[in-house]
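Read through the structure below, which is laid out as structure tokens, and then see the notes.
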Amino acid sequence: MTTAIPFSAQLINLFAAVILLLAFAMLAQRRMLSLINLFALQGFCLFLATLVAAVTTGQVHLYYSAGLTLALKVLLLPWILHRLVRKLNVRGEVEALIKIPTTMLVGIVLVMIAFNVALPISELSQTITRGTLGIALAVVMLAFLMMITRQKAISQVVGFLSMENGLFLAATSATYGMPMVVELGIALDVLVGVIILGVFFFQIRDQFDSLDIRHMEKLKDN
Amino acid sequence: MDFFVLMLAIPLVSGALLTVVGERDWAPNLNIVASLGTFLAAAGLTAEIVASGPRFAFGEQFFIDSLNVFFVALTAFVGLTTSIFSGPYMRNEQEHGRLTKPRLRLYKSMYQLFMFTMLAALTTNNLGILWVAMEAATLTTVLLVSLYRTPASLEAAWKYFILCGVGIAQALFGTILLYFAAERVLGATGNALLWTHLVDVKSQLEPTIMALSFIFLLVGYGTKVGLAPLHNWLPDAHAEGPTPVSAVLSGLLLNVALYAILRCKVLADGALPAGFAGNLMIGFGLFTLLVAAFFLSRQKDVKRMFAYSSIEHMGLITFAFGMGGPVANFAGLLHMTMHSLTKSAIFFAVGHATQKTGTQLMENIRGLIRINPLIGWGLMLGTLAILGMPPFGVFASEFMILTHAMKHFPWATPILLLALGVAFASIFGKVQPMVFGETTAKRLPHAPAITPVFLHLAIVLMLGLYIPPYLTRWFHEAARMLG
Amino acid sequence: MISIAGLLGQTFAILLALVLAPLLSGWVGQCRAWFQSRTAPPLLLPYYMLQKLFKKDVVLAHNASSLFRAAPFVIFGCMVLACAIVPTLSTDLPFAPAADALALVGVFGLARVFISLAGMDIGTSFGTLGGRREMLVGFLAEPALLMVIFTLAMIAQSTSLATIVETLAHRDLVIYPSLAFAGVAFTIVSLAENARVPVDNPATHLELTMIHEAMILEYSGRHLALIEWAASLKLYAYSCLGLALFFPWGIAGGDSFLALLAAIPLLLLKLAIGGAILAGIETVNAKMRIFRAPEFLGIAFMLAVLGLLVRLLLETRI
């Protein structure tokens, strides 16, 4: 039963639980700006969880990871996204999401699958953060679901970034993060990816007069 | 200077340089010269490895052995011929008004960066860097696929980015799990993701984690290989991007992604009960083969059809590596080479053909043989080669795969024969009237580059008739490394 | 063995519930008025209402069946029973062994069935409409409530309310993310079950939106008084349940009269704060369209399930 889980681990678990909750909130969020803010908030929880892990274990490179998360996912990426939304003039845009309850139920099933997959693995880990591996996988799957259900290009990208958050949490929870050089590489890829997509958004809008990807379903195998 | 450093530095530097000077008239030549330099460096590196065995570079971060040097040589070679082909091709596109100068600049610089990311992915020893390089390869090609900025090309690029982004995220999760498994054996050092270290301890890696890790890696990188059911991006990206991009995507990127799976398979085989990784790959391979074969017959767009043909061959190769063992691995490697060379040759020919006729719809392309016999024959021979007609090399490798499958996996033989038969019928039936028959084509302002087409086909033909002993040895060694 | 002291204590707890319940409703109404900058009605307004209604004659519709007359008593009885088994003051009263969380849900369910049937009994369109809506809300809220209870039951390894409360009062973790999820879910369920603002508005008779009021339109006199009283009791029971589950400190462990008396001030304080928070929620939120209620309760269900899953993943570790 519940024998002493250290306080720091409980704190990390709490942040992880909030990250999961935010993933669900993003799944149901209709407004573009709120979606970006939720994403930033998720990044912030990730930052806090990493920071707590860093302070508890004293691992220097976790501090760097936390710093990287703060800079990239809480400040830079949301800022870029906000700018994009402003420049593309889609501030007030609202997505018509139907069937939110269905999506939620599918989401819950995904969470169950993720927890079941992750449980045997996290038991092998020695980190204090290991319990959150299941949550990390669940966040990845929920982000995946979000990318499937969304029709706006920007929300698909937010889903993509949220998936990256989940992966980062997975790395932290299983092994206290990947080697620094890899983490930097991943961060660079994500940043470049968002910038390229930013360029891409303008191209899409110029062609289709909208960022709705329903216009982009012409290519089919007859 | 070190061949290896040169090989990576040339595309990186020239890529940066071309962003600045890419609009000059001589820029296409710079592109070719850079590719030639890369190829020479790669050739030098290959000679070095063949002569003196595997080596490291930059500490232990990069590792070149007989397996990846073979891919490096292939990549650099096709990179060179594609750059030669793209010179006149892109000029023609510009004359037709489909591309502007800034876009051509973007094309050239991204082309070089793409070569860099692929070479880095092939030579890195760090599985994390491998992931980073694969993702970077996606990013560089997204803008290439959407180069025409038509609605269709934007849609294709968007699909490409999203699907590959999702796929590659799965691969990252697999890499994380792999690192987790490795860390339990090697400790939390930067070395725990180095393939050479992992190979030494592969039998000690935790099977539960490795099984899950390999599944994620296979699905993740498999998306980039074009394995069904995650292949949807591939036909779109190939059909809507400029033809040189289709050629390198099909001939090189798919190979590099498959290479990533092979490296991971070696580790998984060590940690897991025999056949786990292999059976997964056999399943995915056969499924992909079947799906692609049946979609082939429904295609109207010529580039799309050959994209599906690429998927089909990737399925076949995945199946071959799934069977494992020296013979099947040898056949798989040979087939990868043959497919790369043949498919890029076909795309070169198709590129010129579509430029001449101004359409990619097969029903509107007729009588190539009259307007330009070389292109017509190039397409015909290339098609015969890719369909596995003797004496071309594809026949040799397909024959090896088939016989090996008959011996060890007899139940798979009917599936293989059915898929190959369907593919043969649908491709040949469509290409034949394109080459022969009444013409619709027009003259082009810039004479097309025919040399790469026949150079590739000549090599394929030669390898079909006679494989030089050093190449056989080299293939055998690489096949042995794959277990 | 039931002791005399225990019986006295139990009786005292029930009497306290009967007395405090209308007061709680009055307090929530007063807080709401303050938050909305209105002149507050007197705190004791619900008592005056009850007194007035009890004095009045009952007017029955011609086609009212005996069910219609019996329903107020059944409902009132159910709520008194609910208040008796919810651990308000102590976890060791004679009814504690009966205080199974699932039984509690059943008791609430029974009351709901009767009030819906009574609403439909007369055959007016409003009554039927209200009954249908009540069943819709109940149909969505009950699974969520059960999930919340399962989460708590997993922590305590028991569905007995007394055990749950005792376990939670002596918790060995500082942070229970699952409790946070369950707490929010429980709040949502309570709002829906007690016909509070985002789902229903207890203060209006707006025909398009009302649920609870629509069912009891035909009641008058002492029947209405009993139903109103039962509604207060339900709010009281839910509040005490929430307080006992999520803020279990200060509930007496024994059944001695002194211990019970000592627990009263803290209970009053917690109820006062809880009522103020409820009023706050009702002020900040607007009544949502009836069609969005499923979505709202869906969130509660989702949260409760997440709580359950998080509990499994994060908090059960040796």
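Note on naming: letters A, B, ... go to the chains in the order of the sequence lines (proteins, then strands), and numbering restarts at 1 for each one.
Among A:M180, A:Q156, A:E183, A:E164, the residue making the largest number of heavy-atom pairs under 4.5 Å with chain B is A:Q156. Comparing A:L133, A:V192, A:L197 by heavy-atom pairs within less than 4.5 Å of chain B, the highest count is held by A:L197. When each of B:D301, B:L212, B:I129 is checked for heavy-atom pairs under 4.5 Å with chain A, B:L212 comes out on top. For the set A:Q207, A:Q59, A:H61, the count of heavy-atom pairs under 4.5 angstrom toward chain B peaks at A:Q207. The candidate from B:A181, B:A133, B:A157 with the greatest count of non-hydrogen atom pairs under 4.5 Å with chain A is B:A157.
Nearest heavy-atom pair, A:F160 versus B:V166, reported as atom, atom and distance to 0.1 Å: CE1-N, 4.3 Å. The two residues A:M163 and B:A169 come nearest to each other via the heavy atoms SD-CB, 3.3 Å.
The parts of B:L154 that come within reach of chain A are both its backbone and its side chain, each placing non-hydrogen atoms under 4.5 angstrom from that chain. Looking at B:A239, there are no atoms closer than 4.5 Å to chain A (heavy atoms on both sides), in backbone or side chain. The part of B:L193 that comes within reach of chain A is its side chain, from C-beta onward, which places non-hydrogen atoms under 4.5 angstrom from that chain. If you measure heavy-atom distances from B:A192 to chain A, you find no contacts under 4.5 Å at all. Contacts between A:M147 and chain B at a heavy-atom distance below 4.5 Å involve the side chain alone, from C-beta outward. Using a 4.5 Å cut-off between heavy atoms, A:A153 touches chain B through backbone and side chain atoms alike. Only the side chain of B:L177 comes within contact range of chain A, judged by heavy atoms closer than 4.5 Å.
Annotation for A:F47: atom CZ counts as buried by contact number, over 12 foreign heavy atoms lying within 6.0 Å. Around OH of A:Y63, the count of heavy atoms belonging to other residues, nucleotides or ligands within 6.0 Å exceeds 12. Within 6.0 Å of atom CZ in B:F63, more than 12 heavy atoms from other residues, nucleotides or ligands are found, so the atom counts as buried in its surroundings.
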CA sep, side-chain torsions, deciding dist, call: A:V182, B:Y179, side-chain contact (heavy atoms from CB on, under 4.5 Å): CA-CA 11 Å; A:V182 178; B:Y179 178 63; over 6 Å; no
Worked verdict on B:V132 versus A:L188 for side-chain contact (heavy atoms from CB on, under 4.5 Å): CA-CA 9 Å; B:V132 172; A:L188 186 70; over 6 Å; no
Test log, rule side-chain contact (heavy atoms from CB on, under 4.5 Å), inputs B:F161 and A:I196: CA-CA 10 Å; B:F161 176 84; A:I196 287 183; over 6 Å; no
Derivation of the side-chain contact (heavy atoms from CB on, under 4.5 Å) call for B:L172 and A:F168: CA-CA 10 Å; B:L172 180 57; A:F168 191 91; over 6 Å; no
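Side chain of B:E135 to backbone of A:I186: no donor-acceptor contact under 3.5 angstrom is found.
Here CD of B:Q170 is found 7.5 Å from CE of A:M141. Values are rounded to the nearest 0.5 Å. The CZ atom of B:R149 lies 9.0 Å from the CZ atom of A:F200; values are rounded to the nearest 0.5 Å. Separation of atoms CD (A:Q203) and CG (B:L147) is listed at 9.0 Å; rounding is to 0.5 Å.
The aromatic rings of A:F201 and B:W158 sit tilted, their planes meeting at an angle between 30° and 60°.
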